[in-house]
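Working notes for the structure below.
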Amino acid sequence: MFRRILLDRRVWLVAAGLILVVMLARVVVSPETGFSWVIHGGYWFVLGSLVFFLGALVPLVRARWARWKFERFDAGVLLAIVACVSVWTTQDRPGFKILADEVLLLGTSMSLHYDRAAAYPVRATDTQGPFLILDYALDKRPLLFPFLTATVHDLTGYRPENAFYLNIGLAGLFLGVAYLLGVNAGRGRWPGLFVLLLFAGLPLLAQQATGGGFELLNLLLIATLGLLMTWYLEEPDERRLQAMVYGGVLLASTRYESILFLIPMALTAVWGWWRSGRVMLSWPTILSPLFLLPVLLQNQVFSTNKGSWELAGVAGATRPFGPEYFADNLGHALAFFFDLGPYQPSSPLFAALGLLALPIFALWVVRVFRAPGDHGPRQTAAALLGLGLGAVTLVHLFYFWGRFDDPVIHRLSLPLHLLLALALVVVGARLAFSDRVWKALALVALGGLLFHGLPVMAKQAYAHAYSPGVEMELRREFISLLPERDYLFIDNDSVFWITQKIPATPAGQAGARKDGLSYHLRNHSFSQMYVFQSILVDDQTGARRVDPVDDLGPDFELETVLERRVGTLLFARISRVVAIRHEGREVARSTTAVPVKVERRSPEEIEKARAIYMENWIKQLP
């Protein structure tokens, strides 16, 4: 069979396609040209890979659904999924959770929707009437999530909230796929329900389900790839192989390190050929390496712009990956997993059970690889999926910013949580747990949800500890107070305002283009100009000062309209530009002031006041 694989011309076509893509991305095409290719062609590459994926997946799902014996238990599972997503969306309000990742993803989806340009907007204006994006920049984040968000824009109209709605839908899909993965690996419905309840009680997943990031899509595609690997090894054929391969391509287009899953996927493909005694390759599968071109071209951002690694975010970090980070990251991971307080969106129960099962699972994976012929397709697929999840986890632990207890990094623990869940059900199946044991474990997981998960979600302490997220909520609140959106904002997070269809510019550029701002202020191009600034408090003197990166200098006269504490020793302030000076001489002044009135009444109080007003009005009728 090994000789047959080597002599098959289709295998060599796949290899040639992969070599061609790597050579184009790394040798032949310059980074600047490659970035242009991604910006102008990335949408169509993602669309093609998605079409080939769904073209193979839909018939498979239809056939398996016809064979699935739908029972009352499954109806209960569907109700549990709906209830879980409902709880998540009520306890963790939809909004931006991780900055600036989610805003840049939304910006890319906006450009894809309006111009099919796979880049986020840098400059935009409505001074000539319609809101137009003037300039773009390529983001380092892969394109699948912005593509899906742009598709929602295409179908329902552009709204920034579409990213949140998409993730809420993906949350329900993930819980369903996680249930099926548990059923496959644990050999029963109760193990599947156990996995579902474990994830239901994880506050981190609720946070991601109501955010605008790509973590939930990444987790969903990993679990889906695990299912597709199982289905392929059960009955190897061209359609199952195509679905699995394009599932891997889409996963590589979701998160940077998820390209590692192409290795267990390729091993699964070869093992399926070996088991069936023939090479199976359809022409869409032969073309699949070409759809990795945007991923590899876009990855060049890290080599051309060293700032993309964000090494400045961690003191003492000198390189992105290294063994020197492992021990420290491991300590932070344990601190995250077993924090019983409200400031970490973790589940100690999930971690404790999973870490107990993980060493046994690792030994079992070694046994499977030593004698793959002695194990069934489900066991082999679970071992290969575990290999991919373990590789990604090691990448995170060797990453300079791989501290799971950091508010920005919590989300990187999600693949490890999936690995722990997989380990639990596989070990349980190996130990031949009865339904009674699985029912008891499901009850324990439900207790974890009720007694730890829900209270932590309700407190939202982990969200308030992340000051950029609190600042972003203040921005969204300001927009609700001034819905006309006919003003200009000076803010270093200018992409956020652009995604809200509000003209904006960064603070540095505002200082460099005072003449242009003076012209617009003097000629009333905008109803007002506002500035967003962070205010730092000196803990020794109590003195307050504007963060230097937000400081516009003495030539801008500002008037505070809204200010709020967002953290210890940190305030956020929104000010109105009253006047602009040049060399000490005033060159422009705003002639009107629009007060911002913050509504302090609750919806119930407003409704009561409205009812009283209507009652008095009716009494005054003749």
Counting only heavy atoms not in [X], do more than 12 fall under 6.0 Å of its [atom1]?
X      : atom1 : result
Arg522 : CZ    : yes
Arg589 : CZ    : yes
Tyr519 : OH    : no
Phe302 : CZ    : yes

Of all the heavy-atom pairs spanning [X] and [Y], show the shortest one and how long it is.
X      : Y      : value
Val301 : Ser308 : CG1-OG, 3.3 Å
Ile490 : Ala510 : CG2-CB, 3.7 Å
Ala119 : Ser111 : O-OG, 2.7 Å
Gly213 : Asn167 : O-ND2, 3.0 Å
Val456 : Gly341 : CG2-O, 4.2 Å
Met110 : Pro121 : SD-CG, 4.4 Å

Arg544 NZ/CZ over Phe571 ring centroid, <6.0 Å and within 45° of normal:
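Here Arg544 passes the 6.0 Å and 45° test against Phe571.
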Mind checking side-chain contact (heavy atoms from CB on, under 4.5 Å) for Glu215 and listing every partner two or more places apart, or none if nothing turns up?
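Once residues adjacent in sequence are excluded, the partners of Glu215 under the side-chain contact (heavy atoms from CB on, under 4.5 Å) criterion are Gln208, Arg255, Arg411, Leu414.
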Return the [atom1] to [atom2] distance between [X] and [Y], rounded to the nearest 0.5 Å.
X      : Y      : atom1 : atom2 : result
Met457 : Thr210 : CE    : OG1   : 10.0 Å
Ser575 : Glu563 : OG    : CD    : 8.0 Å
Leu416 : Leu397 : CG    : CG    : 7.5 Å
Glu559 : Ile574 : CD    : CD1   : 13.5 Å
Asn329 : Leu334 : CG    : CG    : 11.0 Å
Asp491 : Tyr530 : CG    : OH    : 14.5 Å

Keeping to residues at least two apart or across chains, list the ring-ring contact (aromatic ring centres under 6.0 Å, His included) pairs with something in residues 533-563.
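Sorted result for residues 533-563: empty, none.
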According to ring-ring contact (aromatic ring centres under 6.0 Å, His included), does anything in residues 126-150 pair up with another residue at least two apart or in another chain? List the pairs.
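Only Tyr43-Phe147 qualify under ring-ring contact (aromatic ring centres under 6.0 Å, His included).
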Distance only, no hydrogens: is a donor on one side chain within 3.5 Å (strictly under) of an acceptor on the other, for [X] and [Y]?
X      : Y      : value
Thr254 : Asn218 : no
Ser590 : Arg576 : yes
Tyr462 : Gln460 : yes

Is there any salt bridge (charged side-chain N to carboxylate O under 4.0 Å, His left out) pair reaching into residues 326-342, and which pairs are they, with sequence neighbours excluded?
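Those involving residues 326-342 are Asp328-Arg403.
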According to salt bridge (charged side-chain N to carboxylate O under 4.0 Å, His left out), does anything in residues 153-167 pair up with another residue at least two apart or in another chain? List the pairs.
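Qualifying pairs: Arg116-Asp154.
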When you compare the side chain of [Y] with that of [X], does any pair of heavy atoms fall below 4.5 Å?
X      : Y      : result
Gln298 : Leu143 : yes
Leu517 : Ile580 : yes
Gln344 : Phe337 : no
Lys514 : Asp555 : yes
Ile479 : Trp497 : yes
His520 : Met529 : yes
Arg141 : Tyr256 : yes
Ser109 : Leu106 : yes

Would you list the atom pairs, donor with acceptor, under 3.5 Å between side chains in residues 482-489 and any protein atom, with sequence neighbours excluded?
unit_1	atom_1	unit_2	atom_2	d
Arg485	NH1	Gln500	O	2.8
Asp486	OD1	Ser527	OG	2.9
Tyr487	OH	Leu482	O	3.3

Cut-off 3.5 Å, no hydrogens considered: what does the side-chain donor-acceptor table look like for residues 200-207, sequence neighbours left out?
none

Identify, with sequence neighbours excluded, every residue that meets ring pair (Phe, Tyr, Trp, His ring centres under 6.0 Å) alongside [X].
X      : result
Phe214 : none
Tyr325 : none
His153 : His113, Tyr158
Phe35  : none

Are the side chain of [X] and the backbone of [Y] linked by a donor-acceptor contact shorter than 3.5 Å?
X      : Y      : result
Glu102 : Ile98  : yes
Asp406 : Val408 : yes
His396 : Leu412 : yes

Are [X] and [Y] close enough that their ring centers fall under 6.0 Å?
X      : Y      : value
Phe478 : Phe532 : no
His417 : Phe350 : yes
His410 : Phe336 : yes

Is there a side chain to side chain contact (heavy atoms under 4.5 Å, CB included) between Leu144 and Leu221? Walk through the geometry before answering.
CA-CA 11 Å; Leu144 181 59; Leu221 287 177; 3.5 Å; yes
Could you go through Thr318 and Leu311, starting from their C-alpha distance and side-chain angles, then the distance that decides it, and tell me whether this counts as side chain to side chain contact (heavy atoms under 4.5 Å, CB included)?
CA-CA 7 Å; Thr318 57; Leu311 288 170; over 6 Å; no
Qualifying side chain to side chain donor-acceptor pair (under 3.5 Å) pairs, either residue in residues 531-540, two or more places apart
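Found Glu471-Ser534.
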What verdict does the side chain to side chain contact (heavy atoms under 4.5 Å, CB included) test give for Val537 and Leu570, after you've listed the backbone C-alpha separation in whole Å, the side-chain angles of each residue and the deciding distance to 0.1 Å?
CA-CA 6 Å; Val537 182; Leu570 179 65; over 6 Å; no
Quick test of your reading of the model: are Glu473 and Lys97 salt-bridged, counting only N-O distances below 4.0 Å?
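Not counted as a salt bridge, because no side-chain N and carboxylate O are separated by less than 4.0 Å.
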For a ring-ring contact (aromatic ring centres under 6.0 Å, His included) with Phe321, tell me which candidate from Phe398, Trp309, Trp401 qualifies.
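In the set Phe398, Trp309, Trp401, the residue that makes a ring-ring contact (aromatic ring centres under 6.0 Å, His included) with Phe321 is Trp309.
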Determine, step by step, whether Val103 and Asp493 satisfy the side chain to side chain contact (heavy atoms under 4.5 Å, CB included) criterion, reporting the C-alpha distance in whole Å, the side-chain angles of both residues, the deciding distance to 0.1 Å, and the verdict.
CA-CA 9 Å; Val103 172; Asp493 283 313; over 6 Å; no
